[in-house]
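As structure tokens, the structure follows; a few thoughts come after it.
In what follows, every heavy atom counts, from backbone to side chain, and hydrogens, waters and symmetry copies are set aside.
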Amino acid sequence: MEGIVKAVCISEKRGVQKHDVGSAELRAEFGLADDAHAGPWHRQVSLLSFDKIEEFNEKGAGVRPGAFGENLVVSGIDFRALPVGTRFSCGEVLLELTQIGKECHSHCEIYKKMGDCIMPREGVFAEVIRGGKIAAGDVMTVIPVEQQGFRAAVITLSDKGYRGERADESGPVIVEALKSRGYTVVEAVVLPDVQERIQRELINYADRRQVDLILTTGGTGFSPRDCTPEATMAVATRNAPGIAEAIRAYSMRYTGRAMLSRGASVIRGSTLIVNLPGSPKAVRESLECILDQLEHGLGILKGTAGECARQ
């Protein structure tokens, strides 16, 4: 699949629409030179299909390239239909798709005019793997995603940790364990015990970042602020209770208080979400219990492993 770059857009500061500069330099692990949204994160470059903009303009929007905050406008490629991990080559430039769509925090002028904005659902984001010059008229080629290992996100839930009053000890334990087994950990974050915030991040990692596994730690007890299981169940498309049940049963070997854990385990789309306890010791025990079996379940979700039944 190939497309043609129609516009290269930047904005010198955040909060303003981007404008077409015709050509620009893409820097590896950074983004477009002089663009205010570039930086060492996973959303270094934003891309939007020229064809989607044209469809939107047929409704009377009258928008120009860059109006949605996109860096690269490309015809002939439906970015929204491609999976995370897809790569794009354009001359010497190489990009890798890292996120599908975005959350709209406040409605832009386009939305206020049209009652709709296509960027949150049609726009995608990429990292710059190899830099170089890119210009309108260049040919962009889609490189299908190759079979890769499992991708994971780790979320620590702690009010004190989020405020910087307590070091996160459990999150790093999970990251180390996953990496030792070949997982790619795309991000590890600390969030406060706020259900709506937790739900947004779970949706973001499952739907937009398309990770295979999300492991949370903390917020599973009886405290009034503990809401991780509620947030997890709220975003589920299917239940997967056996994992949480196994963790509690395994932990009962060490302490009877394991029965007080309310952790849940669910599936959202093709992402598995598992709540782990908050203490480093309990996290290690939980991982000891589940990691050997998780890979088979994740393989089934991705379609790379077959169902197996004991005879």
- Residues K133, D138: salt bridge by 4.0 Å N-O rule: no
- Between N275 (side chain) and G263 (backbone), is there a donor-acceptor pair under 3.5 Å? no
Contacts under 3.5 angstrom, residues 169-177 side chains, donor-acceptor by atom type, not counting sequence neighbours:
residue : atom : partner : partner atom : Å
S170    : OG   : G278    : O            : 2.5

- Query: Sequence neighbours excluded, which residues qualify as salt bridge (Lys or Arg N to Asp or Glu O under 4.0 Å) partners of K160?
  - Reply: none
- Only counting residues at least two apart or in another chain, list the ones meeting side-chain hydrogen bond (donor to acceptor under 3.5 Å, both in side chains) with D159. R225
- Message: Between R43 and E127, does any NZ, NE, NH1 or NH2 come within less than 4.0 Å of an OD or OE carboxylate oxygen?
- Response: no
- Is the F88-F79 ring centre distance short of 6.0 angstrom? yes
- Task: Among residues two or more places apart or on two chains, list those pairs meeting ring pair (Phe, Tyr, Trp, His ring centres under 6.0 Å) that have a residue in residues 176-226.
- Result: F150-Y183
- Task: Please answer whether the main-chain N or O of P277 pairs with a side-chain N or O of T217 as donor and acceptor at a distance below 3.5 Å.
- Result: yes
- N-O pairing of D207 and R268 below 4.0 Å: yes
- Item | Residues clustered with I143, ILVMFWY side-chain links under 4.5 angstrom | L94, I129
- Query: How far apart are the C-alpha atoms of R200 and E196, what are their side-chain angles, what is the distance that settles it, and do they pass the salt bridge (charged side-chain N to carboxylate O under 4.0 Å, His left out) test?
  - Reply: CA-CA 6 Å; R200 287 201 305 269; E196 294 78 9; over 6 Å; no
- Query: Would you call K6 and D51 a salt bridge, taking side-chain N to carboxylate O under 4.0 Å as the test?
  - Reply: no
- Spell out, as yes or no, whether a donor-acceptor pair under 3.5 Å connects the side chain of S251 to the backbone of R248. no
- Query: In chain order, what residues pass the salt bridge (Lys or Arg N to Asp or Glu O under 4.0 Å) check against E187, with sequence neighbours excluded?
  - Reply: R209
- Message: Closer than 4.0 angstrom, basic N to acidic O: yes or no for R80 and E122?
- Response: no
